[in-house]
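Right, one structure below, let's go through it.
In this text the structure is predicted, and so the values were computed from the model without any measurement. Chain A is the first sequence line, chain B the second, and so forth, proteins listed ahead of strands; every chain is numbered from 1.
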Amino acid sequence: MNFKYDISIDEKWRKYWEDNKTYKFDKDSKKPKYYLLEMFSYPSASKLHLGHWWNYSLPDSFGRMKRMQGYNVFQPMGFDAFGLPAENYAIKTGIHPKDSTAKNIETMEEQLKKLGATYDWDYEIKTNEEEYYKWTQWIFLQLYKNGLAYRKDAPVNYCPKCQTVLANEQASGGECERCHSKVEHKHLTQWFFKITEYADQLIEGLKNLDWPEKTKRIQTNWIGKNTGSMVDFALEEFDQKITVFTTRVDTLMGVTYVVLAPENKLVDLITTKEQKQEVEKYKEYVTHLSEIDRTSTVKEKTGAFTGAYAIHPITKQKVPVWISDYVIESYGTGAVMAVPAHDERDFDFAKKFNLEIKQVITNKEKNATLPYVEEGYLINSGLYDNLTTKEAKEKIVEDLQKLNLGKKTTTYRLRDWLISRQRYWGAPIPIIYCKHCGIVPVDEKDLPVKLPYNVDFKPNGKSPLAYCDEFLHTTCPKCGRPAIRETDTLDTFVCSSWYYLRYLDPHNDKMPWDKKITDKFMNVDKYVGGVEHAAMHLLYARFIYKALRDMGYVSYDEPFQSLVHQGTILGSDGQKMSKSLGNTVTADDYVNKYGSDVFRLYLAFGFSYTEGGPWSDDGIVAISKFFQKIQRVFENFANLKPSDYNKIDEELTISMHKTIKAVTTDIEKFQFNTAVARLMEYTTALQKYQTKSERNYAQEKEAILNYAKLLSPFAPHYMEEVWESLGEQNSIFNQSWPLYDENKTVSKNIEIVIQINGAIKSRIIIPCGLETSEMEKIALSDEKVKNLLIGKNIKKIIAIKDKLVNIVAI
RNA sequence: GCUGGUGUGGCGAAAUGGCAGACGCACAAGACUCAAAAUCUUGCGAGGGCAACUUCAUGUGGGUUCGACUCCCACCACCAGCACCA
């Protein structure tokens, strides 16, 4: 019999679980399913850090409870194994990404097992393996066939250091997400996924999801839906028009010029001879601006006049056409109508270049100062005078529509997802270019397009695959003539946008997944991961899932029903943990010293899971002591001999039911810290009971067995040992989670407070559940209260059941 | 700038509009001990009082309410997301 916790126990039970396949996932189980998923990680060379333990051990505690509650819990683990770091490491050291990744995965698996989590490793996936990326390529082909993947020449974000193109999401703020180099602009022919086609659905779908509001907002903002109008300005001498997007069509009568983005295709066409030089100079200037410089709001306005004029759709007056970098080519139509009186940017621009400012909106007091950007009433607008801005918006669009010069429209901030990467370590894009047939998708039966091993992976702006002859040269699937392969690889976010489906059927070589299985186990019931993926992975995965749904491969609308973000554990200095700051913490030191269960429990107790906070190991010793306390409680019980004494201890009963209730609901809400607090209280209650001269064996046994079960999600190895020592049937994780009786969570009597004018004056003990009228009577008959009420008039009495009585008196 | 979130003891943190600070850490005193460790007990927001007790306290200032950490308004600080998005 052993009730003591030490590290040797960890090993013993991990082996037991493995040998007995305790956590084997049974696809055919009749139990209700529960898909618990934590974002998989990138296989890094260093040992598991604190963050891994934090991310994975606590959701595992949650999963263990679910399992004991009778759910068929599916909690898989795998690796997001393609990506830049392995390739950069290869460039530095010469070690092939495939080899370093394999080695890292091996180390990480070893370490992850130390967590003592309930993963069934038969369902492990590695995104760099052929059996996985074959299907990543397959997904690309399905999107291509359905018109959701296309190629276009586009200005792209290019990181000079990583030598690759980045998605907008990976280049926000004008910096490379990975190395923080300034992002450059280049024009390249790239592959895109048409995520914009799903923009509306991606907003709509959020409504029914149990996600943090913050995350929904990030996605909504990122998609940036905006309703407004398109308005056409005819060009004087050309058979062309400038279409602008505006949300303030009510200010149309105040337009004094039109501005195009410097990259707008019309610019070259309309620029006059006289202005050619100036416009070219300005365009040149813009291409050399970094993203940061260009998007800085404090920057003074710059621009150039094209010499051309456009025709105002209503007044038919000529307005000058300018170009300026404050207009962005990729948003709206890449052209705006300028209303300097009612837009700050236009106002600044007009001031700088001495352009006309015409006020058309004013406020109620008719004393608006320019630029006036609020709502108001129209003036100087002919027919539309005196309308409110709201009325004018409707009326003007109506009129424009009659003239066929405008209409209501919606735009999005979201851009299509650029998925081409000029790198080696990723899934090759399954496309072949043939001189005769053009772009030809690889035949599905020829998948995977294998990533060759022997390449020179030094980056130089082109994919290393472009220099690999055996890869590059192939034959056209259509005409059989020599052709070449696409040499770019897929963004790793493509790999991670569908892994939750593959987990369910990881070794299927006929199809990416069996729909019968995914229909049964999707959606993910609880998805746990960092908030930093809100505008990237979580958006991409939702898009891919919806696209797959529309092609009939999956059945539901959303992949992740409920989402929890773990907070970040910072370094003890309050900074993000990073090697360069030297504030990283390795879990190993603690695990080796105290054992994994002590460490797990400390993580659970020390921080709020959704908030995290600066790391501190104050208190880990206390948890270690808490384990000794637990040990004594079990030992005390083990030494107790069954006897005839069978009196039920009310206090212990209540304590037990209360604890079951609190621990259950707290774990459900991912409030592990308070769950542990309740278990500490329960420990004290058990200790107290065990000091009694006579103890009811049956009652104590029930209390003790439930105690072990409640502790087991947090201390799985230890409680497994205790369970065995108690002579119970293994495994504790095959037992059912304790249930509580609501009636037994409260005692017969309860202390309530009596307040006079809101200040506590007395405390009395009354029977639980007493009617409020009775409570009032008792309160008024209390001696202290009586004395305090002498000479006062009672105006009102408020009584709250089982809580308080408040007497309002003057 | 816009949009959110957060703000509670020396520290980590708790509180369906109903006893603020649960549960811990640290600290202090006591018991046990030759002593220490461990363990146990007690205290622990601030001020005043020998005490019973009392006043003030959840970023600041208002408000709603019998009653506000909690709801409303304004402001301050920090954090996050977006940012010349028409």
Side-chain N,O (A:Tyr331) to OP1/OP2 (B:rA86) below 4.0 Å: yes

For atom CD1 of A:Ile798 and atom P of B:rA68, their distance in whole Å: 12 Å

Considering only NZ, NE, NH1 and NH2 on the basic side and carboxylate oxygens on the acidic side, decide whether A:Asp343 and A:Arg248 come within less than 4.0 Å. no

Does A:Asn673 put a side-chain nitrogen or oxygen below 4.0 Å from OP1 or OP2 of B:rC23? no

Taking the minimum atom-to-atom distance to the side chain of A:Lys214, which one of B:rG12, B:rA80, B:rG18 wins? B:rA80

My understanding is that a pair needs two contacts under 3.5 Å, Watson-Crick or G-U wobble. By that rule, which nucleotide pairs with B:rC50? none

B:rG9 pairs with, by Watson-Crick or G-U criteria that keep both distances under 3.5 Å: none

Write down the distance separating the C1' atoms in B:rC34 and B:rG45, rounded off to the nearest Å. 40 Å

Write down the distance separating the C1' atoms in B:rG9 and B:rC69, rounded off to the nearest Å. 14 Å

Looking at every strand, decide which applies to A:Lys625 at a 4.0 Å heavy-atom threshold: base, sugar-phosphate, or nothing. sugar-phosphate

Report the base-pairing partner of B:rA74 (Watson-Crick or G-U wobble, both distances below 3.5 angstrom), or none. B:rU60

Between B:rU8 and B:rU58, how many Å separate the two C1' atoms, rounded to a whole number? 4 Å

For the side chain of A:Ala622, counting heavy atoms from C-beta on, which of B:rC66, B:rU16, B:rG24 is nearest? B:rG24

Got a salt bridge between A:Lys352 and A:Glu300, using NZ or NE/NH1/NH2 to carboxylate O under 4.0 Å? yes

For B:rU70 and B:rG17, measure between their P atoms and round to the nearest Å. 11 Å

Contact class for A:Gln671 (heavy atom, under 4.0 Å): base, sugar-phosphate, or nothing? sugar-phosphate

Is there, by distance only and without an angle test, a donor paired with an acceptor across the side chain of A:Lys301 and the base of B:rC84 below 3.5 Å? yes

Could you check how far CZ of A:Arg413 sits from P of B:rC82, rounded to whole Å? 10 Å

For B:rG7 versus B:rA13, give the span between their C1' atoms, rounded off to a whole number of Å. 14 Å

Start at the 5' end of RNA chain B and walk down; is the nucleotide closest to A:Gly758 or to A:Gln628 reached first? A:Gln628

Taking the minimum atom-to-atom distance to the side chain of A:Arg763, which one of B:rG4, B:rC19, B:rG67 wins? B:rC19

Rounded to the nearest Å, what distance is computed from the CG atom of residue A:Asn757 to the P atom of nucleotide B:rA68? 12 Å

Rounded C1' spacing from B:rG59 to B:rA77 in Å: 7 Å

Should B:rG9 be called syn or anti, with syn set as within 90° of 0? syn

Out of B:rA86, B:rC23, B:rG67, which nucleotide sits closest to the side chain of A:Asn806? B:rG67

Between P on B:rC25 and CZ on A:Phe626, what's the gap in Å once rounded to a whole number? 11 Å

Can you measure A:Lys661 atom NZ to B:rA22 atom P for me and round it to whole angstrom units? 21 Å

Is A:Arg632 near enough to B:rC40 that one of its side-chain N or O atoms lies under 4.0 angstrom from OP1 or OP2? yes

Counting the atoms with a prime plus P, OP1 and OP2 as sugar-phosphate, which does A:Gly567 contact under 4.0 Å by heavy atoms, base, sugar-phosphate, or nothing? nothing

Distance between the C1' atoms of B:rA14 and B:rC19, in whole angstroms? 15 Å

Looking only at non-hydrogen atoms, find the nearest pair between A:Ser616 and A:Tyr602 and report the distance. O-OH, 2.6 Å

Who pairs with B:rU41 - Watson-Crick or G-U, where each distance is under 3.5 Å: B:rA29

Can you tell me the Watson-Crick or wobble partner of B:rC82, both distances under 3.5 angstrom? B:rG1

Test side chain to side chain contact (heavy atoms under 4.5 Å, CB included), reference A:Asp666, set A:Thr674, A:Leu679, A:Val676, A:Asn673, output is A:Thr674

Among the nucleotides B:rC40, B:rA22, B:rG12, whichever has the atom closest to the side chain of A:Ala677 is B:rA22

Hey, does A:Ile760 reach any base, or is it just sugar-phosphate, or nothing, if we go heavy atoms under 4.0 Å? sugar-phosphate

Measure from CD on A:Gln755 to C1' on B:rA68 and round the result to the nearest Å. 12 Å

Base, sugar-phosphate alone, or nothing: which one does A:Ser608 contact when heavy atoms must sit under 4.0 Å apart? sugar-phosphate

Is there a donor-acceptor contact under 3.5 Å from the side chain of A:Trp211 to the main chain of A:Val564? no

Assuming nearest nucleotide by heavy-atom distance, tell me which of A:Gly334 and A:Leu804 is located more 5' along RNA chain B. A:Leu804

How would you label the contact of A:Glu751 with the nucleic acid (heavy atoms, under 4.0 Å): base, sugar-phosphate, or nothing? base

Could you please name the option among B:rC23, B:rC84, B:rA86 that lies closest to any side-chain atom of A:Tyr326? B:rC84

Spell out yes or no: do the side chain of A:Asn221 and the base of B:rC82 have one donor N/O and one acceptor N/O closer than 3.5 Å? no

Can A:Asn226 and A:Tyr412 be said to form a side-chain hydrogen bond (donor to acceptor under 3.5 Å, both in side chains), step by step? CA-CA 6 Å; A:Asn226 208 344; A:Tyr412 301 88; over 6 Å; no

Of all the nucleotides listed (B:rC82, B:rG81, B:rC23), which has the minimum atom distance to the side chain of A:Met680? B:rC23

Taking CZ from A:Phe672 and C1' from B:rA22, how many angstroms apart are they, rounded to a whole number? 19 Å

Please confirm whether any donor atom in the side chain of A:Arg678 sits under 3.5 Å from an acceptor in the base of B:rC23, or the reverse. no

Give the minimum heavy-atom separation between A:Ala338 and A:Val259, together with the two atoms involved. CB-CG2, 4.2 Å

B:rC75 and B:rG81, which share atom name C1', separated by this distance in whole Å: 23 Å

Does A:Lys796 place a side-chain N or O at less than 4.0 Å from the phosphate oxygens OP1/OP2 of B:rC66? yes

Quick check: A:Phe349 with A:Phe347 (ring centres under 6.0 Å apart)? no

Given B:rU16, B:rC19, B:rG4, which nucleotide is nearest the side-chain atoms of A:Val753? B:rC19

Any carboxylate oxygen within less than 4.0 angstrom of a Lys/Arg side-chain nitrogen, looking at A:Glu783 and A:Lys786? yes

Whole-Å distance between B:rG12 P and A:Asp618 CG? 10 Å

